[in-house]
Amino acid sequence: MTDDTDEFEYAIDGSAMERGCDLWFALAPGYVEVPFRDLFADPESPEGARVVEAVNSLLELVPPEQQSGFLEQLAEARALTSEMRREGVVSFAIGAHEGDDGTMLESVVLLARREIPWTPRKLAAAQAATARSNALPVSVADLPCGPGAFTESLVELPPQADARQRSLYEATAYLPFPDGRNLAVLTLTTTAVDAREHYRDVHRAMAEMVSFDNPLPEEFKAQIPASEVEASVRAVFG
């Protein structure tokens, strides 16, 4: 993959400023988050407007001759919304990157949250990763957010799924929360199997950006609204 940009700026999503937030991560350049919970909203509503804005941002990354196919894939992703919510998905992003040969490479990043029985964090990561029967050898690492485990797999698709593309590359990171009772699962999936080494690096970089402690600068933390309890105490005692 190629990229002519040397420096990037971070955009802070509104969800990162919520009082109850306990999981933060950063998307790599070239990815646009899709507000999948709003995919069925009225286009005239604020939620629907966010969907339209996200789709327009994606189309800016895709060459005109490939936009119709990209919209078809987005329509298929829309159909998966209910299943994604049942699986605990909290973030869904689509990426478009230019390959070395000039073709457009597409990928999807999902971040899910799962409840698990209390387990020591390193063991929880290893257990979650080794439960994948079709995954390649597991790698366990100490990341800035704590222990994590990585797997990779090549998923063979049935012929009726897409006659042009018969396999998917999938990289997954299992990152236990500090409480040992929740698990963050970060997955990158792409049909660009030949570019998997590049996507492996992209996925690892995003996993290393996951944090269970608010990583925002102090000036942004100060803008986070106080909880109702904190507001009540401040009103009484000043």
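For reference, positions follow the sequence shown, starting with 1.
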### Task
Return the set of residues passing side chain to side chain contact (heavy atoms under 4.5 Å, CB included) with A173 (not counting sequence neighbours), or none when no residue passes.
F150, L175, L186, H203, A207

### Message
Do V109 and L154 land in one hydrophobic cluster if side-chain heavy atoms of ILVMFWY residues count as linked below 4.5 Å?
### Response
yes

#### Entry: Side chains of L111 and V185 in contact at under 4.5 Å (non-hydrogen atoms)
no

### Query
Is a side-chain N or O of T119 found less than 3.5 angstrom from the main chain of P117, in a donor-acceptor match?
yes

### Task
Mark yes when over 12 heavy atoms from residues, nucleotides or ligands other than E197 sit less than 6.0 Å from its CD; otherwise mark no.
no

#### Entry: Joint cluster assignment, I94 & L59, ILVMFWY side-chain distance < 4.5 Å
yes

### Query
How would you list, by chain and number, every residue that makes a side chain to side chain contact (heavy atoms under 4.5 Å, CB included) with T189, sequence neighbours excluded?
L168, E170, T187

### Task
With rounding to the nearest 0.5 Å, note down the distance linking OG1 in T191 to CG in L105.
8.0 Å

### Query
When you check the side-chain N and O atoms of S107 and Y31, is any donor under 3.5 Å from an acceptor?
yes

### Message
More than 12 heavy atoms of other residues, nucleotides or ligands under 6.0 Å from CD of E115: yes or no?
### Response
no

### Task
Could you tell me whether D22 and R113 make a salt bridge, using a distance below 4.0 angstrom between a side-chain N and a carboxylate O?
yes

### Task
Can you sort out the partners of V32 under side chain to side chain contact (heavy atoms under 4.5 Å, CB included), two or more places apart, ordered by chain and number?
A54, S57, L58, L61

### With D179 via side chain to side chain contact (heavy atoms under 4.5 Å, CB included) - residues at least two apart
F177, R181, N182

### Query
Taking only residues two or more places apart in sequence or in another chain, which ones pass salt bridge (charged side-chain N to carboxylate O under 4.0 Å, His left out) with E33?
none

### Query
Going only through I, L, V, M, F, W and Y residues with side-chain contacts under 4.5 Å, is there a path from V89 to I116?
no

### Task
Determine whether L143 and W24 fall in the same hydrophobic cluster, where Ile, Leu, Val, Met, Phe, Trp and Tyr are linked whenever their side-chain heavy atoms lie under 4.5 Å apart.
no

### Query
Could you give the distance from CZ (F92) to CG (L110), rounded to the nearest 0.5 Å?
6.5 Å

### Task
Start with the C-alpha gap between L23 and V210, add the side-chain angles, then the distance that decides, and say whether side chain to side chain contact (heavy atoms under 4.5 Å, CB included) holds.
CA-CA 7 Å; L23 173 61; V210 171; 3.7 Å; yes

### Query
Okay, side chain of H97, backbone of Y199: is any donor-acceptor separation there less than 3.5 Å?
no

### Query
Is the backbone of V155 close enough, under 3.5 Å, to the side chain of S153 for a donor and an acceptor to pair up by distance?
no

### Query
V140 and K122: side chain to side chain contact (heavy atoms under 4.5 Å, CB included), yes or no, with the steps?
CA-CA 8 Å; V140 179; K122 186 167 290 188; 4.3 Å; yes

### Query
Minimum heavy-atom separation for M104 to V62, with atom names?
CE-CA, 4.4 Å

### Message
Listing request: all side chain to side chain donor-acceptor pair (under 3.5 Å) pairs with a residue in residues 204-215, at least two apart in sequence or in separate chains.
### Response
R204-E208

### Task
Nearest 0.5 Å please: distance from the CE atom of M209 over to the SG atom of C145.
11.5 Å

### Task
Say whether L183 and M206 are linked into one hydrophobic cluster, either directly or through other cluster members, by side-chain heavy-atom distances under 4.5 angstrom.
no

